[in-house]
Amino acid sequence: MPDTQREKNLEKAIEAARDELHILRRRGQEKANTRDHGHDYKAMLEARDTFDDYAGRVREDHEKERDTNRHGTRD
């Protein structure tokens with residue numbers, strides 16, 4: 001896998017984590033109700049899902065680089 005794709009996956013994961021953190025901090029400053037299912041809450045969930053997706057890709061990149069999965073078996 002080219003380094004550029006690995007870098008892109010990692011950058012996207014970091015970006016999504018920053019987005020979620022920014023929303024979470026803003027909601028904390030505004031003392032928003034955590035049960036409020038408004039626009040901010042939905043944006044936070046979308047950022048979380050995006051982070052999860054790219055974090056999984058980063059894990060796959062690392063496993064491909066090691067040529068074994070985390071259980072020690074080859075794919």
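Residue numbers count from 1 along this sequence.
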- Query: Tell me, do Asp19 and Glu15 make a side-chain contact under 4.5 Å, heavy atoms counted?
  - Reply: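 When only atoms from C-beta onward are counted, Glu15 and Asp19 do touch, with a gap below 4.5 Å.
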- Message: How close do Glu20 and Arg48 get, counting heavy atoms only, and between which atoms?
- Response: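 Heavy-atom minimum between the residues: OE1-CA, 3.5 Å.
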- Exercise: identify the closest heavy-atom pair between Ala55 and Ala13: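 Heavy atoms only, the tightest pair is N-CB, 4.2 Å.
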For [X], side-chain contact (heavy atoms from CB on, under 4.5 Å) partners two or more places apart:
X	result
Arg18	Ile14
Ala16	Thr50, Phe51
Glu11	none

- Message: Test of understanding: clusters of I, L, V, M, F, W, Y form through side-chain heavy atoms closer than 4.5 Å, transitively. Do Leu45 and Ile23 belong to the same one?
- Response: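 Leu45 and Ile23: one cluster.
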- Message: Are Leu10 and Tyr54 linked, directly or through intermediate hydrophobic residues, by side-chain heavy-atom contacts shorter than 4.5 Å (ILVMFWY only)?
- Response: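 Per the 4.5 Å side-chain linkage, Tyr54 and Leu10 are not co-clustered.
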- Task: Working to the nearest 0.5 Å, report the span between CG of Asp61 and NZ of Lys64.
- Result: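 Reported to 0.5 Å precision, the distance equals 6.0 Å.
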- Query: In Å, rounded to the nearest 0.5 Å, how long is the span from NE2 of His62 to CG of Asn9?
  - Reply: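 That separation rounds to 9.5 Å.
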- Task: Report the residues that fulfil side-chain hydrogen bond (donor to acceptor under 3.5 Å, both in side chains) with Asp53, sequence neighbours left out, ordered by chain and then residue number.
- Result: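 By the side-chain hydrogen bond (donor to acceptor under 3.5 Å, both in side chains) rule, Asp53 matches Arg57.
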- Would Thr4 and Lys8 count as a side chain to side chain contact (heavy atoms under 4.5 Å, CB included) if you check the C-alpha gap in whole Å, the side-chain angles of each, and the deciding distance to 0.1 Å? CA-CA 6 Å; Thr4 56; Lys8 183 185 286 187; over 6 Å; no
